[in-house]
Protein chains: 2
Amino acid sequence: MTTSIKDVARAAGVSPATVSRALGKGPVSEALRAQVLEAVRATGYRPNLAARRLRSQESGTIGLVLADIGNPFFTGVARAVEAAAYEAGLRVLLCNTDEDPAREAAYLALMQEERVAGLILAPTRITAEGLAEAPPAMPVVLIDRPGPPGLFDSVLLDNAGASAALVDHLVAQGYRRIAGLFGQTSGTGVERAEGYRAAMARHGLAPALRFVLPQAEAAETGFAALCQEGQPEAMIASNSLLLMGLLRAARGAGLRIPTDLALAGFDNEPWTGLVEPGVTVIEQPLEAIGRQAMALLFERLRTPAAPIRKVMLSGRAVLRGSTASVRARLHNSTKTPPPSSFTL
Amino acid sequence: MTTSIKDVARAAGVSPATVSRALGKGPVSEALRAQVLEAVRATGYRPNLAARRLRSQESGTIGLVLADIGNPFFTGVARAVEAAAYEAGLRVLLCNTDEDPAREAAYLALMQEERVAGLILAPTRITAEGLAEAPPAMPVVLIDRPGPPGLFDSVLLDNAGASAALVDHLVAQGYRRIAGLFGQTSGTGVERAEGYRAAMARHGLAPALRFVLPQAEAAETGFAALCQEGQPEAMIASNSLLLMGLLRAARGAGLRIPTDLALAGFDNEPWTGLVEPGVTVIEQPLEAIGRQAMALLFERLRTPAAPIRKVMLSGRAVLRGSTASVRARLHNSTKTPPPSSFTL
DNA sequence: TTGAAAGCGCTAACAG
DNA sequence: CTGTTAGCGCTTTCAA
């Protein structure tokens, strides 16, 4: 049997209510507070959160439902969310769906049962669609991935713009046959594909793209498929897992980067700068995404009827050797260009 | 106001107790169960977990307290733990301490307040020491990092053996001046350092080692320090963040791997195979560590008085170009040797 | 098999 | 400022 507030009250010679007040913010005389604190120490008392939540009808918790805890993008965002929540005196319930809509549904149900105050969610496409018909009971902020338009607050990257920036950069470097590989489980993959399509069209170039599962293995299959449809000079991947898969596949095929194939993608993970000749990527502002999501959630909790807000953040292009210019390729320069970056 | 079990009972024309039984495993007639399920659907009822836990005195939850959610080692273990917990019908409360003993203490307190059934913990050295005097109220399984001997179930890598294997391999490849960089916040760093020391002594070689914070930046400082004390031919890092820092620093210093400096470390992360010429590492069995930890926890919950168990798992050495033999270096071979591996 | 009643541990409302 | 009382939503006796 664990010690309860009654035990502490008895030990301190006060009522349970006084113990509660001494531990919380109620008005208590300094003398009694000291007695209570001493009794807490003596008994080793730890309040029972289940009881507290049941009585106060507040969970003091927000939910964070992510698609892939192995993806540094999401762990980075999770860090920021947790820091912001901590500063606000809230706990974070973190769940990992592994891109599985069934698990996603189970976790959304769990969040209701936990009575979390609000939810930050990176939904798969399937869940995102269902969100319109069966919205969760609590405020929701979508991150990274779009949902049904106008229904939920959201924090998104300017995905179309970012894809277009990559295409523009590749074209400026002299590439023409640019293929794209995009994740099929997320709305983000779709948006990035659209940006790619639009940019290719703007340059009068023919798009060549494929949607695959967002895994390195799937990327290797996609690589083969893209190669068959007309010898691309460059490839774009819509996330870092796919990017890694493309790099591996290119290596496996004996292609040299960027001499035989240029490469660009999303997320400035450490390895993209470590691998020779460095991989050009769009860096996403992880910290800002997490903070902004929390800010939107707080404001929604404060004023539930406020209009829906969609915040679009810009990425930063980090240019590296994997997209060195065609001229540099022709001169057979093996030197890595100095990395540079610009904000979209 | 959210709908409660009473609302469902009223809608179904039964008592709250019957609703509870219909949703749980109590004996209910099929007719009533159907009525209840229909009423649940109609009302959109979601049980309140706080109330359920308070009444049943079971949280149905285990705690997982990790040192660094950005470290793929921990996310890998977390995946396995979560999968095993899910199969057992338990939830996982995941917390990230960022190697901060203060946060660690706060989370341990939280776990008590949540009344989790048990705890899986990767403690910092400071917390590990304190564990002996103030043990948590629930069963604890330590992972990755040792605690006070004989007090807690634990799942550890054979750290000393793994370090020794790296030293042996380097010596066999012809290296003599082998330096080591170890994380200072974890007992694991200490054990790996001891294994390194012992192996160096066995080979009659002088050790040169430093303890630093387990961060890539700290590794770059440590690199400089190690270089000053006598031009190492090879370096070992006790985790992947340090390993990455060493690689960066070596590159920054214009050193070529392994021609000017051989490199080896822990954790077979994707980038270690992607970076030229490939980095030799000890791969840890993430899945097995997580599963084994859950198994120990379950058995402890079943038989609390059973003797303490310490499970040591072996790593797998993945040999890559970063530790190519001295002979190969002298012949100036730039070919990457075919990667190979062996179990310790 | 079902319902009524009690109570898990806590805090909020109300007296004093 | 402090104590008494009630009740959050649920499950679990105990009767029927």
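To find a chain, count down the sequence lines: A is the first, B the second, and so on, and within it residues start at 1.
Nucleotides of DNA chain C nearest to B:Pro27 and B:Leu54 differ in position, and the one nearer the 5' end is that of B:Pro27.
Across B:Gln292 and B:Val311, no two heavy atoms sit closer than the pair CG-CG1, 3.9 Å. When all heavy atoms are compared, the tightest approach of A:Gly290 to A:Ala80 is CA-CB, 3.9 Å.
The side chain of B:Ala17 has C:dA4 as its nearest neighbour among C:dA4, D:dC10, D:dC8. If you check C:dC8, C:dC10, D:dT12 against the side chain of B:Ser20, the one that comes closest is D:dT12. Closest to the side chain of A:Ser15, from the set C:dT11, D:dT4, C:dT2, is D:dT4. Closest to the side chain of A:Val28, out of C:dT2, D:dT11, D:dT2, is D:dT2.
Distance A:Leu32 CG to D:dC1 C1': 8 Å, rounded to the nearest Å. At whole-Å resolution of the value, CG in A:Leu49 and P in C:dT11 are 9 Å apart. Spacing between atom CD of A:Gln35 and atom C1' of D:dG3 amounts to 15 Å, rounded to whole angstrom units. Going from atom CG of A:Asp7 over to atom P of C:dC10 covers 9 Å, rounded to whole Å. Distance CD1 (B:Ile5) to P (D:dG7): 19 Å, rounded to an integer number of Å. Whole-Å rounding puts the A:Arg53 CZ to C:dA12 P distance at 15 Å. In this structure, the CZ atom of B:Arg46 is 16 Å from the C1' atom of D:dC10, given to the nearest Å. Distance B:Gln57 CD to C:dC8 P: 8 Å, rounded to the nearest Å.
Side-chain contact check for A:Glu104 and A:Thr124: at least one donor-acceptor pair (N or O, by modelled atom type) lies under 3.5 Å.
One N or O donor and one acceptor, one from the side chain of B:Arg21 and one from the base of C:dG3, sit under 3.5 Å apart.
At distances below 3.5 Å, not a single donor-acceptor pair connects side-chain atoms of B:Ser154 with backbone N or O atoms of B:Lys310.
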